[in-house]
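Only a predicted model underlies this, so the values are computations on that prediction, with no experimental measurement involved.
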Amino acid sequence: QFDNEPPAVSDWLRSPVLGQEALHRLQHLLAAGYAAQSDAAPAQAPGGGDAAAGGVHCDFDQYPDEAVLWDLESGRIEAVNEAFLRRSGFAREQVLGRSIDSLDLTHDPAARHAQRQALRHAGVVRYRCEKPLADGSSYLVEVAARLLDGAGALRALASFREAAGQRAL
C-alpha cells in the first residue's frame, strides 16, 4: 500500500497530519529497513512519549531528515530528532524550549509570523532559510512544516533538508 513513498516524512504525509496515519506509515518505513540507515541507538518518542507528541507514539529519531516538533502557540521547540542533533552539532538541551524562530536566520519577525499564519490556514508551509549550526556557521535548508492533528495543544512538525540552491526564499 505504501511501497512507492520516499523516505522523507514531509513528502508523503497530508496536512494536517493524522497521528494514526503517520504512525502506520512510519512503522511501514521502519519495517522496510530505513531504520538500519541510522547508526544511532533507538531513542524515546519526542518529549518523553504520547503526551508530548499529541497522542502519537513513534520512533521520531528514525526520521531520515532533520525534524523538529514545536508548539504553534508559544513557538517553543518540544523535540528534535537525532538527524537534527547530528547535523546541527547542538545538544538536545540547547535546543529544547528555544523559539522555532531561532532556526531561521533569513526571515525577519514579520515574515516568520506570516509563515505561521499560513501554516495555520493551509496546514503546510514550505520555504528556504539559513539554519544555524552550533559552531556559529549556518547552511541553506528547505523547510517543510505541517500541522499535527493531536490532542491538546496545536503542534507542528518541521523537517529540514539541505538545499541545493544559493539563496533563501
Partners passing side chain to side chain contact (heavy atoms under 4.5 Å, CB included) against [X] (at least two apart in sequence or in another chain):
| X | answer |
| --- | --- |
| S99 | R76, D101 |
| A114 | none |
| A91 | E93, Q94 |
| L72 | W70, R116, L119, R120, L147, L154 |

Do Y127 and Y139 sit in one hydrophobic cluster, given that two such residues count as connected whenever their side-chain heavy atoms are within less than 4.5 Å of each other, even indirectly?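 They do share one cluster, since a chain of ILVMFWY contacts under 4.5 Å joins Y127 to Y139.
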Is the closest side-chain heavy-atom distance between [X] and [Y] below 4.5 Å?
| X | Y | value |
| --- | --- | --- |
| R87 | L133 | yes |
| I77 | L103 | yes |
| F90 | V80 | no |

[X] to [Y] - nearest heavy-atom pair and separation:
| X | Y | answer |
| --- | --- | --- |
| A158 | V143 | CB-CG1, 4.4 Å |
| P132 | S138 | CA-CB, 4.1 Å |
| A83 | P64 | CB-O, 4.0 Å |

Would R128 and T106 count as a side-chain contact (heavy atoms from CB on, under 4.5 Å) if you check the C-alpha gap in whole Å, the side-chain angles of each, and the deciding distance to 0.1 Å? CA-CA 8 Å; R128 287 182 171 197; T106 302; over 6 Å; no
Of R86, R161, K131, which meets salt bridge (Lys or Arg N to Asp or Glu O under 4.0 Å) against E66?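 Considering R86, R161, K131, a salt bridge (Lys or Arg N to Asp or Glu O under 4.0 Å) with E66 is found only for K131.
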All side-chain hydrogen bond (donor to acceptor under 3.5 Å, both in side chains) counterparts of D135, not counting sequence neighbours: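 Partners of D135 by the side-chain hydrogen bond (donor to acceptor under 3.5 Å, both in side chains) criterion, ordered by chain and then number, come out as S137.
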List for me each residue that meets side-chain hydrogen bond (donor to acceptor under 3.5 Å, both in side chains) alongside D104, sequence neighbours excluded, and say none if there are none. H107
Check whether D71 reaches the backbone of E78 with its side chain - one donor and one acceptor, N or O, closer than 3.5 Å.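 It does not hold such a pair.
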Step-by-step salt bridge (charged side-chain N to carboxylate O under 4.0 Å, His left out) determination, R92 to E82: CA-CA 9 Å; R92 194 175 308 271; E82 289 296 322; 2.7 Å; yes
Checking V141 against C129 for the side-chain contact (heavy atoms from CB on, under 4.5 Å) test, could you report, in this order, the C-alpha distance in whole Å, the side-chain angles of both residues, the deciding distance, and whether it holds? CA-CA 6 Å; V141 293; C129 70; 3.9 Å; yes
Value rounded to 0.5 Å, distance of CG in L105 from CD in E130: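 It comes to 7.0 Å.
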Show the numbers, then the answer: is there a side-chain contact (heavy atoms from CB on, under 4.5 Å) between F84 and V95? CA-CA 10 Å; F84 178 94; V95 181; 3.8 Å; yes
